[in-house]
2 protein chains.
Amino acid sequence: MTAETPEQLFRKTLHARGYRVTPDRLRVFRHLLARPQPVAVAELADALQAEGTHPVTVYRVIDCLSALGVVHPVLLGSAVGFELSAPFRAHHHHLWCRGCGRLFDLAECELDPVIRRIEEVHHLKVEGHELTLEGLCDRCAARSEA
Amino acid sequence: MTAETPEQLFRKTLHARGYRVTPDRLRVFRHLLARPQPVAVAELADALQAEGTHPVTVYRVIDCLSALGVVHPVLLGSAVGFELSAPFRAHHHHLWCRGCGRLFDLAECELDPVIRRIEEVHHLKVEGHELTLEGLCDRCAARSEA
DNA sequence: GCTTAATTGCAAATTTATTGCAGAGAGGGT
DNA sequence: ACCCTCTCTGCAATAAATTTGCAATTAAGC
């Protein structure tokens, strides 16, 4: 069998939960898929207005995608942005650089053992996690060592 | 020597960076100190208006405390709240329970080794981190197992 | 106390997010 | 392909959250 594209999976996800596949939802999804960084909803609304999606609809679509677990919130400084969750986007974390203000993806995540321990100690069931580091990116760190 | 109270340390912190010690700043600080959970700024503004602090001032005070590192933002669902940072409040993380919607503090943090590894691999300098877990608290987890 | 610069209050503007309702459109059955 | 139903969207209005400029106030050093 041929591999399933993210969009096909997205359509299935909507469908499976009784949500309809609409042009606006696809537009938001595609935008997020193409986008390397988390976006604030207001910014997303601005961007998509140019493509013909009403701002109010963007808010509603994000609610829908949140409910589906297709997107999740990320802390951007003291604001919130959204980005695609797994399996649409590989699980990863972020570094917010105090030096240049940019946000970096950190591919690896070695939190599983830590989280499993927390589950045991507290008798919790952890289903997701969001880690944001704050500090200096490689460039800014190198500069500050000089 | 007698131990230094959090408020004394706060006054010193303000002073050391050229900020003035004002009644409004103390009120915000004390409110956060007494408060077990992170607060949204708007909510804080409401609460403190009763004590005579103007809402606009609350926004400005939070900016000030953020700049000083006295408070830091925390992800609350898809909103942001603030809470005191170390050393005013012991470093800790949170669990957001999908079952009952409550937010729990997790005392221990065993992320240091993980973070040190990330620093090495990426040549970063990590100065702070924020981890929020999402899942089920002990009570909701027990119930769902039944 | 006096001086100076930081801080606050107020009013207004801006930005962000929510709501109700009527019309448009997606999806299932025929 | 057509129809029916129920979801989704657009619009306009509203509400809530946050920012800004400026004048008046006040903390802190001398």
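Hydrogens, waters and symmetry mates play no part in the numbers below; they use all other heavy atoms, side chains included. We name chains A, B, ... by the order of the sequence lines, and we start the count at 1 in each one. Note that this is a predicted model, so its numbers are computed, not measured.
No hydrogens or angles were tested; on distance alone, nothing pairs the side chain of A:Arg25 with the base of D:dC8 as donor and acceptor under 3.5 Å.
Rounded to an integer number of Å, the gap from A:Leu26 CG to C:dA26 C1' is 12 Å. Look at CZ on B:Arg20: it is 9 Å from P on D:dA27, rounded to the nearest Å. In this structure, B:Arg27 atom CZ and D:dT26 atom P are separated by 12 Å, rounded to whole Å. If you measure from atom NE2 of A:His54 to atom P of D:dA13, you get 12 Å, rounded to the nearest angstrom. Between the CD atom of B:Glu51 and the P atom of C:dG9 there is a distance of 13 Å, rounded to whole Å. The interatomic distance linking A:Ile62 (CD1) with D:dT9 (P) rounds to 12 Å, in whole Å. In this structure, CG of B:Leu48 is placed 15 Å from P of D:dA17, rounded to the nearest angstrom. As rounded to whole Å, 11 Å separates atom P of C:dT7 from atom CG of B:Asp24.
Applying the side chain to side chain donor-acceptor pair (under 3.5 Å) test between A:Thr53 and each of A:Arg25, A:Arg27, A:His31 identifies A:Arg27 as the sole match.
A salt bridge links B:Arg11 to B:Glu7: at least one charged side-chain nitrogen sits closer than 4.0 Å to a carboxylate oxygen. For the pair B:Glu51 and B:Arg30, the salt-bridge criterion is not met [side-chain N within less than 4.0 Å of a carboxylate O].
Scanning all heavy atoms of the two residues, the minimum distance from A:Val80 to A:Pro73 falls at CG1-CB, 3.7 Å. Here the shortest heavy-atom pairing between B:Phe104 and B:Cys97 reads CE1-CB, 4.0 Å.
Checked against the 6.0 Å centroid criterion, the rings of A:His72 and A:His129 do not qualify as a close aromatic pair.
Toward the 5′ end of DNA chain D lies the nearest nucleotide of A:Thr22, the other residue of the pair A:Thr22 and B:Val21 mapping further downstream.
Side-chain contact between A:Val71 and A:Glu83 is absent, with no heavy-atom pair separated by less than 4.5 Å.
Checked by atom type, the side-chain pair B:Glu134/B:Thr132 shows no donor-acceptor distance below 3.5 Å.
Here the NE2 atom belonging to B:His15 is positioned 11.5 Å from the OG1 atom belonging to B:Thr13, to the nearest 0.5 angstrom.
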N/O to N/O distances under 3.5 Å, protein versus nucleotides 13-20 of chain C:
from	atom 1	to	atom 2	distance (Å)
C:dA17	OP2	A:Tyr59	OH	2.7

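Within residues 8-16 of chain B, the residues having any heavy atom under 4.0 Å from DNA chain D are, by residue number, B:His15.
Residue A:Thr57 has a polar side-chain atom (N or O) positioned under 4.0 Å from OP1 or OP2 of D:dG10.
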